[in-house]
Amino acid sequence: MRTLGLIAAFCLGGLLFFISFDFPSWGDALSPASRHVSPYYIEHSLEDTSVPNIVTAVLADYRGFDTLFETAVIFSAGLACFFLVRVSERQVPAARFYRHLATGITFRIEKGGRLPEGTGEFERIDSLWVPYDVIIGMTCRLVVPFIQLFALYVIAHGHHSPGGGFQGGVIFGAAIILFAISTNLRRTLKRMSERSSALLSSLGVLIYAGTGLLCLFMGAGFLNYRALAAILGVDQVAARSDGILIVESGVGIAVAAVMVWIYYNLSSAGKQDEGL
Amino acid sequence: MEEQFPAIIVAVPLFAALLVTLVWWFDNRFCFPIAILAGTVSLAASAGLLLRVLSTGVVEYRMGGWPPPVGIVYRVDHLNGLFLVVISAVSLLNLAGSRTIAKKEFGEKLGAFYALYLLFITGLLGILITGDAFNLYVLLEIASLTGYALIGMGRRRAPLSSLNYVFMGTIGASLYLLGVGYLYLITGTLNMADIARILPAILPSNVVLLAFILCLSGLFVKMALFPLHAWLPNAYTYAPSTVSSLVAPLTTKVMIYVMFRVTLSIFTVDFAFNSIAVRLPLLWLAIVAIVMGSLLALAQKRLKKMLAFIIVAEVGYMVGGFWLGNRAGMNGAVLHIINDAAMTLCVFMAAGAIVYKTEDDRLSSLQGMFRKMPVSMTAMVVGGLSLIGVPPTCGFFSKWYLISGGIAAGQFAFVAALIFSSLVNTVLFFRFFEIGYFEPFPPEKTRHHGHTGYLAQSKEMAEAPLDVLVPLITAAVLVILLGLFSGEIVTRVIQFAIPAVIG
Amino acid sequence: MESIGDLIIAKYNYWAVITLLLIGLYAMIAKKNLVKKIIGMNIFQTAIILFYVSIGSKKGATIPIILHGPAGSSHAVHAADYINPLPHVLMLTAIVVSVATLGVALALAMKIYSQYGTLEEDEILEKIMESETG
């Protein structure tokens, strides 16, 4: 396999290297890629959509259809991880760890043993639990709301600065994952259950696809936000801008929820019991 | 509404997949009806679209209302109009037959299965319909990702096979993406028609040549052309039955369509067939694929694995037919994509029904199966006869076109490979037929149960349930109907799908 | 006649991309550990992302956000002042695709590990051989 790999790599590499001499130079403003379609975006995005961030305008409007499927890709990934690794909750793990709150003694309860849940005197801990996590836990609890706020800002400000649904969604999801890492998976699942993460990820894509279908039923083409002007009560250019915001929020919800959903399944090997 | 058909074909399955995900957390029962409904709407829209293409010519649909090079367009001509109908029909038929088997295979995750199924269809239909080279990549990844997940849920070696498929599939898709990147570098556009318009001005160019090589080799990995086929047999063998009867008829065929589309609509006929000397090497590659696929199929002891290697050989048919470069060969290749989708569906659904009952797909365990499962086995035989190429079934007609194309092009090695492969298929299916029909139901299976055990066994080994059988019979009838109407299909549709330059 | 220095400056980014591409491809084919293969796959995809991004660059241009906001419609926007936004959009999609593929690949690797207790490909194949013959 090693020689085969080397041969494949060198054949492809030689070919690519040889052809790279025919490329336009790096940063050449006169290269075909910079002359044909892209000047249209740069020069017209402001008057077409009134969005100064051209990347956002191209992403969510000119090539909005790509982005719909991009969101669908990430949704499929969440669904696929669930489908592949999730195991039924009925399977009780081999052994569980409990800590007696008053004394701090840790108990290991074998499979089949009676679990001291609901008594209030015991706390369930993970096998990989780190004892002195007060500082980490407190810091993360303090930081999480600000990260989430920043995520919302990134989504909302995607029209004017680098950002948008994907970036904001990932930051939002990361905040929840940080919470899960700093405390434990079960507590996070109480705040945001698996069902709600699944429903939200579906809902996010649904907002995007639904906006597209709404435009279609309003008589314009699929994802033609111009049609939203009648509903939103604004002119057609502003409707495009608003349409972009709507779909970007949908993307944000979907990405955040999918990130959390994937984390739930991958970190606990599908058991959703003990996380990282 | 009619002008919105192109969007509906893709948007409805996507929407339904999302809806299924919302619904299944509350009630599992609604998933199947939603999926069937979405599949039906998609099929109806595809059929309507094909009729429109037949009457008025190429249909173009602008996403978001933006004109071609700026926005993404859907472009439907005779070629993909026809395939849209075929692919949506095949996936709907398989969906209809999946209910009982999927319930057994997936249990609690049934809702996720249907959502992934619908996303998979969305991806494939999108690949067929799109007129944008990059959009095609995104849809390709949707179809692949859901495919990996669906295959990975099978038993035994399935996760490992699926992971190998992930690696190979990612290499394939990435090479295609790199090829598109080269094209973008040299033309500045991603719209297929726009690239085709610009390319003649910059030819001859090494960058374009490399882009062509990269795109094609990426697609060859994805369609499992012989030396790059290693991922396919295991993935299709160990996948759950409902999944292998979905993935096997569709994935490779759609990838072969993409090869047609990329060659004809992006790189143009003139470049691919006249300017560069790739025609003969690719034809020989196809010949090797046919011969090796058939030989490897001969060596298999398991039913599904044998069928998977037959697919490897069939890929060679279509690639070879295309690169013959004449009208008869291309007619044959296009017709064979349709026929192969139908007959692969038929044999894999039959295999699914058999495995559902016997839980064993070794060829040796099929003894006496004709008496136990007459309908499934008959459907298998119809599909098998079609794979061999026996006249009333559709496989004969496309093979006829391919052979006449090979003779017209003077490529007798291709003709010989086709005949060789037919002979091998004859051997394979007659072996199957012999085991299933003439060998008695093995006594050792029943002996230790005693007399009552025999009765219980024979009751147990009855035919598969009716909702599996009806779609299966439909598929078998479809194989024969496609054969009877293949002349119609060629003169009415395929005739116009092939560029006029090809004589 | 351009000097070698100019040539290197004009093309070195493509060469860096090619090198990364080959590292990824080699790891995917030659490594035996499945997680290493997955990492190789990710490097391979990242190389392509870098390739696209370097297509989009333009000398002397800034990021594609128009400076004066919606009110500045009176001033003309010149394409030469902003880098090409399209590759960035495309690569946002490709990044998402590669993350999604990575997630699915890791889920599969997890399933394989729970099935065979190892992620070394040769050991897995050995175990499969054993279970099929025995």
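Every chain is numbered from 1, with letters handed out A, B, ... down the list of sequences. Values below: all heavy atoms of this structure, side chains included; hydrogens, waters and symmetry mates excluded.
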Query raised in the report: Among C:L108, C:L25, C:T93, C:V97, who wins on heavy-atom pairs under 4.5 Å with chain A?
Result: C:T93
Report task. Please round to the nearest 0.5 Å and tell me the distance separating atom OG of A:S50 and atom CD1 of C:I66. Result -> 10.5 Å
Report task. For each of A:V51, A:L6, A:D66, tally heavy-atom pairs with chain C at distances under 4.5 Å, and name the one with the top tally. Result -> A:L6
Query raised in the report: Based on non-hydrogen pairs under 4.5 Å, which of C:K11, C:K111, C:H88 is most in contact with chain A?
Result: C:K11
Report summary line: Only one of A:N224, A:T49, A:D48 passes side chain to side chain donor-acceptor pair (under 3.5 Å) with A:R240, and that residue is A:N224
Query raised in the report: Under a 4.5 Å heavy-atom cutoff, which of A:V73, A:L59, A:V258, A:V255 has the most pairs with chain C?
Result: A:L59
**Report entry** Positions in residues 46-60 of chain C that reach chain A, provided some heavy atom is under 4.5 Å away
**Finding:** C:F51, C:S54, C:I55, C:S57, C:K58, C:K59
Query raised in the report: Okay, side chain of A:H44, backbone of A:Y40: is any donor-acceptor separation there less than 3.5 Å?
Result: yes
Report task. Tell me, for A:Y41 versus chain C, whether the close heavy atoms (under 4.5 Å) come from the side chain, the backbone, both or neither. Result -> side chain
Query raised in the report: Is there a donor-acceptor contact under 3.5 Å from the side chain of A:H157 to the main chain of A:G163?
Result: no
**Report entry** Proximity breakdown for C:Y113 and chain A, heavy-atom pairs closer than 4.5 Å
**Finding:** neither
Query - A:I244 CD1 to A:T211 OG1 distance, which is reported to the nearest 0.5 Å - result: 12.0 Å
Query - Validation row: C:I65, A:P162 side chains within 4.5 angstrom (heavy atoms) - result: yes
Report summary line: In terms of heavy-atom pairs under 4.5 Å with chain C, the winner among A:I42, A:V85, A:N265 is A:I42
Query - Part of A:S45 within contact of chain C (heavy atom distance under 4.5 Å) - result: side chain
Query - From CD (C:Q115) to CD1 (C:I128), nearest 0.5 Å - result: 7.5 Å
Requested in this report: Name the region of A:T67, side chain, backbone, both or neither, that has any atom closer than 4.5 Å to a heavy atom of chain C.
Outcome: neither
Query raised in the report: Checking C:K127 side chain against C:Y116 main chain: does a donor-acceptor pair fall under 3.5 Å?
Result: yes
Query - Sidechain-backbone polar pair: A:N53 side chain, A:S161 backbone, donor-acceptor under 3.5 Å - result: yes
Requested in this report: Name the region of A:V55, side chain, backbone, both or neither, that has any atom closer than 4.5 Å to a heavy atom of chain C.
Outcome: both
Report summary line: Taken to the nearest 0.5 Å, the spacing of C:L22 CG from C:I43 CD1 works out to 11.5 Å
Query raised in the report: Any idea which of A:F166, A:F23, A:F21 has the most non-hydrogen atom pairs under 4.5 angstrom with chain C?
Result: A:F23
Requested in this report: Please look at C:L102 and chain A and tell me whether the side chain, the backbone, both or neither of the residue comes under 4.5 angstrom of a heavy atom of that chain.
Outcome: neither
Query raised in the report: Is it the backbone or the side chain of A:Y62 that comes under 4.5 Å from a heavy atom of chain C, or both, or neither?
Result: neither
**Report entry** Close side-chain approach of A:E70 and A:Y208, heavy atoms under 4.5 Å
**Finding:** no
Report summary line: Tested for side chain to side chain donor-acceptor pair (under 3.5 Å) against C:N33, the lone hit among C:E120, C:E123, C:E121 is C:E120
Query - A:T71 side, atom OG1; A:L206 side, atom CG - distance, nearest 0.5 Å - result: 12.0 Å
Report summary line: Turns out that what part of A:F17 lies under 4.5 Å from chain C's heavy atoms comes down to both
Query raised in the report: chain A heavy atoms under 4.5 Å from C:V99: which part of the residue, side chain, backbone, both or neither?
Result: side chain
Report task. Take A:L79 and A:W261, measure what side chain to side chain contact (heavy atoms under 4.5 Å, CB included) needs, and give me the verdict at the end. Result -> CA-CA 9 Å; A:L79 202 59; A:W261 196 14; 3.7 Å; yes
Report summary line: Per-residue tally against chain C (heavy atom, under 4.5 Å) across A:P39, A:A80, A:C81 peaks at A:C81
